[in-house]
Undergrad: 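Quick one: structure below, then a few questions.
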2 protein chains.
Amino acid sequence: MSKVTIATVAERAGVSRQTVSNVLNTPQVVREETRERVLEAIAALGYRASQAARQMRTGRSRLIAVRIEPARDGINGSVLDRFLHGLTDAAAPAGYRVMLYTATDDTDEIATYENLLTSYDLDAFVLTSTHHGDARTSWLAERGVPFVTFGRPWGAPDTHSWVDVDNAAGTAMATRHLLDTGHRRIGFLGWPPGSGVGDARRDGWASTLAAAGVPGTGLDAATEDGIESGAAAVTDLLASVDALVCASDSLALGALRAARESGRPCTVIGFDDTAVAQAVGLSSVSQPLTQAAARCIDLLAGVLDRSAAPRQLLLEPSLVLRQSAAI
Amino acid sequence: MSKVTIATVAERAGVSRQTVSNVLNTPQVVREETRERVLEAIAALGYRASQAARQMRTGRSRLIAVRIEPARDGINGSVLDRFLHGLTDAAAPAGYRVMLYTATDDTDEIATYENLLTSYDLDAFVLTSTHHGDARTSWLAERGVPFVTFGRPWGAPDTHSWVDVDNAAGTAMATRHLLDTGHRRIGFLGWPPGSGVGDARRDGWASTLAAAGVPGTGLDAATEDGIESGAAAVTDLLASVDALVCASDSLALGALRAARESGRPCTVIGFDDTAVAQAVGLSSVSQPLTQAAARCIDLLAGVLDRSAAPRQLLLEPSLVLRQSAAI
DNA sequence: TTGTAAGCGTTATCAA
DNA sequence: TTGATAACGCTTACAA
């Protein structure tokens with residue numbers, strides 16, 4: 001069984017090559033009966049269009065690229081993993097495949113764009129881990145390269161399509177749950193101000209307390225992400241709180257440990273619902289990653305036709321409650 | 001700046017298109033001086049070969065495909081994640097890119113091969129999660145599709161190239177460590193017999209005990225993977241052991257929990273060194289995933305030239321010791 | 001509604 | 001050592 005091309009199909013169906021192409025690309029233009037004959041030939045021969053030939057002609061590869069990052073502290077790395085799986089899954093029915101690349105930083109990533117675009121004719125990029133002053137989005141936008149971001153353009157105008165999870169809603173939900181279960185001294189353990197995500201997560205906590213008329217002033221701490229740093233940062237706070245909302249599962253784990261060591265009971269809620277949270281029974285705010293990935297693909301469709309205006313989607317996280325028992 | 005093709009370069013260097021192609025593909029055949037002039041033109045114009053055109057001519061895409069699996073229980077999923085990152089990293093310098101696909105089972109995966117091969121001209125596959133009676137490897141082998149597996153061909157002959165981690169050596173290392181630190185009642189918690197990986201991990205434990213003349217009979221338990229099931233399966237065992245080697249971090253976590261609840265001190269060592277192990281301070285056997293990925297790419301080079309005979313590589317895991325404190 | 005012709009950018013073949 | 005020519009398989013005009 002040698003290579004089945006459009007010519008093979010045409011011959012078998014007794015039509016010209018062009019008609020076969022029309023059946024594939026503009027079916028409306030082909031008479032019903034002819035179309036059926038062609039489709040039957042396609043099925044019988046197991047014909048599949050060559051991407052390379054199609055790409056050469058159209059300049060589009062039906063490939064989208066995503067950066068795979070090293071599993072940072074290993075705890076939060078799994079977030080990207082789940083997102084990637086969702087993306088690959090959602091892309092396939094839309095006729096797209098996902099290509100991976102790595103990069104050490106934004107500059108390096110931009111250099112990779114250049115290569116990917118000129119050598120592979122990549123159709124679009126999906127960016128994750130957006131941040132303030134992100135050089136990548138402006139680079140892509142300037143060149144008219146289609147892309148969507150998972151993560152809003154912190155501080156920049158909404159000129160492109162993006163999907164994000166409502167971080168503030170997540171911590172608000174966690175805070176509300178703590179209030180509902182009778183807690184009144186609810187603290188927050190987060191990251192230093194300046195990161196959009198971190199600030200939003202803090203805001204969700206602060207505003208919920210404010211709305212409930214429960215004081216929160218002085219009940220927060222900030223440190224870089226990590227179990228150790230979280231434990232250290234929260235030590236003083238433990239004297240004045242009986243519950244803690246945290247900006248990440250790593251921090252939450254640190255807080256749990258510090259609480260256990262200090263002997264002060266403290267309910268802790270983390271963020272991201274990572275494997276670690278599942279494992280140790282830590283309540284955590286869960287991002288709808290599969291859904292986020294699917295929405296990214298949806299938005300990409302609009303971006304690729306250049307038809308639709310940029311759209312932005314904010315997804316609601318959910319709260320996964322567990323008995324914060326240690327292992 | 002419109003599209004820079006081989007013709008643009010040829011014109012600028014004052015040579016024919018073919019000479020430019022020769023500089024790229026068979027430099028030996030081009031006179032030094034000419035080659036330099038061409039290379040200079042390439043650099044000046046920022047020329048990059050079009051993959052699509054090249055692929056159409058050669059039939060090779062410089063793309064390798066890997067399946068991304070859903071993050072199963074979330075704990076062990078990160079193993080694949082790290083492997084993927086290593087693979088993408090190692091493939092790039094070799095001139096290859098990694099494409100992702102998903103599949104629900106082996107049959108579905110084989111259907112995907114068919115599509116990927118005929119539509120995208122994929123050059124090779126990297127398979128993970130090999131198992132007994134793996135239909136995928138025989139399908140690929142029959143059709144002469146280049147592939148390597150991360151994981152040996154359990155029960156089948158070594159007719160293809162693969163990389164694997166010496167599972168038995170990992171549990172042996174863990175068992176030896178326990179012996180060295182004075183333990184004499186060392187149990188094993190693993191999976192039901194029949195999975196190659198699980199059996200190997202059990203063997204490493206059993207043979208090390210046997211070699212040391214320490215009895216192990218009756219000190220093992222088997223259950224499906226998971227924290228809950230691990231905890232349940234190990235309950236009885238806890239009366240007769242003071243240390244446990246486990247086939248996974250999930251099982252180890254279950255064992256730790258059961259031990260804590262029963263009040264019997266028990267040293268536990270897990271397998272895979274996942275984020276959870278790091279988080280809770282669980283000692284664990286660590287697989288050299290980055291290295292495994294790099295070796296897969298190395299072996300693939302041999303498979304792709306059809307030059308070298310199949311090669312097999314067994315990598316040594318390492319033992320990461322932590323204070324098995326709970327969080 | 002269907003067919004013809006041209007060309008996308010590259011490399012393999014062959015001749016100069 | 002270099003250059004001309006012909007594919008590779010497809011789609012987009014345009015003509016029938």
Side-chain angles (χ1 to χ4, degrees), chain A residues 1-39 41-42 45-63 95 115-123, chain B residues 1-39 41-42 45-63 95 115-123:
Chain A
M1 155 176 137
S2 70
K3 191 154 290 179
V4 178
T5 76
I6 212 169
T8 326
V9 176
E11 192 181 6
R12 166 148 183 155
V15 299
S16 75
R17 301 208 313 269
Q18 178 49 30
T19 302
V20 179
S21 174
N22 282 339
V23 170
L24 263 36
N25 301 296
T26 32
Q28 328 84 11
V29 95
V30 180
R31 181 153 39 105
E32 166 95 25
E33 186 221 347
T34 318
R35 192 177 58 219
E36 272 172 20
R37 214 166 60 242
V38 170
L39 286 175
I42 287 178
L45 295 165
Y47 166 78
R48 278 186 170 94
S50 151
Q51 262 308 311
R54 175 173 284 182
Q55 175 178 349
M56 185 135 110
R57 196 69 182 90
T58 62
R60 280 173 298 113
S61 61
R62 307 208 68 94
L63 245 36
N115 176 20
L116 252 26
L117 286 170
T118 50
S119 298
Y120 286 87
D121 285 318
L122 254 93
D123 283 0
Chain B
M1 155 175 138
S2 71
K3 191 155 289 179
V4 178
T5 77
I6 212 168
T8 327
V9 176
E11 194 181 5
R12 166 147 182 157
V15 297
S16 74
R17 300 208 312 270
Q18 181 49 34
T19 301
V20 178
S21 174
N22 283 337
V23 169
L24 262 36
N25 302 295
T26 30
Q28 327 84 12
V29 96
V30 180
R31 183 153 38 105
E32 166 95 25
E33 188 222 347
T34 317
R35 191 177 61 220
E36 272 172 17
R37 212 166 62 242
V38 171
L39 287 176
I42 287 178
L45 296 165
Y47 166 78
R48 277 187 173 92
S50 150
Q51 263 308 311
R54 178 171 282 182
Q55 175 177 349
M56 182 135 110
R57 195 68 184 90
T58 62
R60 280 174 298 114
S61 61
R62 307 210 67 94
L63 244 37
N115 178 19
L116 254 24
L117 285 170
T118 49
S119 297
Y120 287 87
D121 286 319
L122 254 92
D123 284 1

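Reckoned from all heavy atoms, side chains included, excluding hydrogens, waters and symmetry mates.
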Undergrad: Just compare C/dT10, D/dT2, D/dT12 and give me whichever is closest to any side-chain atom of B/Ala53.
TA: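 Looking only at heavy atoms from C-beta outward on B/Ala53, the closest nucleotide is C/dT10.
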Undergrad: A/Gln51 CD to D/dC8 C1': how many Å, rounded?
TA: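 The answer, rounded to whole Å, is 15 Å.
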Undergrad: With no hydrogens and no angle check, is any side-chain donor or acceptor of B/Arg62 less than 3.5 Å from a backbone partner on B/Gly95?
TA: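 Checked: pair present.
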Undergrad: Taking the side chain of A/Arg17 as its heavy atoms from C-beta onward, which of D/dC10, C/dT10, C/dT2 lies nearest to it?
TA: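 Closest nucleotide among those given: D/dC10.
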Undergrad: Does OP1 or OP2 of D/dT1 have a side-chain N or O of B/Thr34 closer than 4.0 Å?
TA: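 So the side chain of B/Thr34 is outside the cut-off, no N or O lying under 4.0 Å from OP1 or OP2 of D/dT1.
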Undergrad: I want to check one thing: is the phosphate of C/dG9, taken as OP1 and OP2, less than 4.0 Å away from some side-chain N or O of B/Ser50?
TA: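 No, B/Ser50 has no side-chain N/O under 4.0 Å of OP1/OP2 on C/dG9.
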Undergrad: From the options C/dA6, D/dT1, D/dG3, select the nucleotide whose nearest atom is closest to the side chain of B/Gln18.
TA: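 Nearest listed nucleotide: D/dG3.
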Undergrad: Expressed in angstrom and rounded to an integer, what is the separation of A/Glu36 atom CD from C/dT1 atom C1'?
TA: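 From A/Glu36 CD to C/dT1 C1': 16 Å.
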Undergrad: Measure across A/Ile6 and A/Tyr47 and return the closest heavy-atom pair with its distance rounded to 0.1 Å.
TA: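 Nearest pair, atom of A/Ile6 first, then A/Tyr47: N-CE1, 3.6 Å.
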Undergrad: Tell me whether the OP1 or OP2 atom of C/dT2 has a side-chain N or O from A/Thr19 closer than 4.0 Å.
TA: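 No, A/Thr19 has no side-chain N/O under 4.0 Å of OP1/OP2 on C/dT2.
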Undergrad: Between D/dT2, C/dT11, D/dC10, which one does the side chain of A/Tyr47 approach most closely?
TA: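 Taking heavy atoms from C-beta onward, the closest nucleotide is D/dC10.
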Undergrad: Can you figure out which of C/dA5, D/dC10, C/dT11 approaches the side chain of B/Arg54 most closely?
TA: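 Closest nucleotide to the B/Arg54 side chain: C/dT11.
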Undergrad: Does B/Arg31 place a side-chain N or O at less than 4.0 Å from the phosphate oxygens OP1/OP2 of D/dT2?
TA: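 For D/dT2, OP1/OP2 do have a side-chain N/O of B/Arg31 under 4.0 Å.
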Undergrad: What's the closest nucleotide to the side chain of B/Thr5 if the choices are C/dT10, C/dG3, C/dA6?
TA: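 So the nucleotide nearest the side chain must be C/dT10.
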Undergrad: Got a donor-acceptor contact below 3.5 angstrom from the B/Arg17 side chain to the B/Ala7 backbone?
TA: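 Looks like no, no N/O pair under 3.5 Å.
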Undergrad: For D/dC10, does either OP1 or OP2 sit under 4.0 Å from a side-chain N or O belonging to A/Ser21?
TA: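 It does not, given that no N or O in the side chain of A/Ser21 lies less than 4.0 Å from OP1 or OP2 of D/dC10.
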Undergrad: For B/Ser61, does its backbone N or O pair with a side-chain atom of B/Asp123 as donor and acceptor, under 3.5 Å?
TA: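 It does hold such a pair.
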Undergrad: Quick one: bend of the helix from C/dT1-D/dA16 to C/dA16-D/dT1 from 5 pairs per end, to 10°?
TA: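 Result, rounded to 10 degrees: 40°.
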Undergrad: Ignoring the backbone of A/Thr58, work out which of D/dT12, C/dG9, D/dT2 is nearest its side chain.
TA: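 Among D/dT12, C/dG9, D/dT2, the one nearest the side chain of A/Thr58 is D/dT12.
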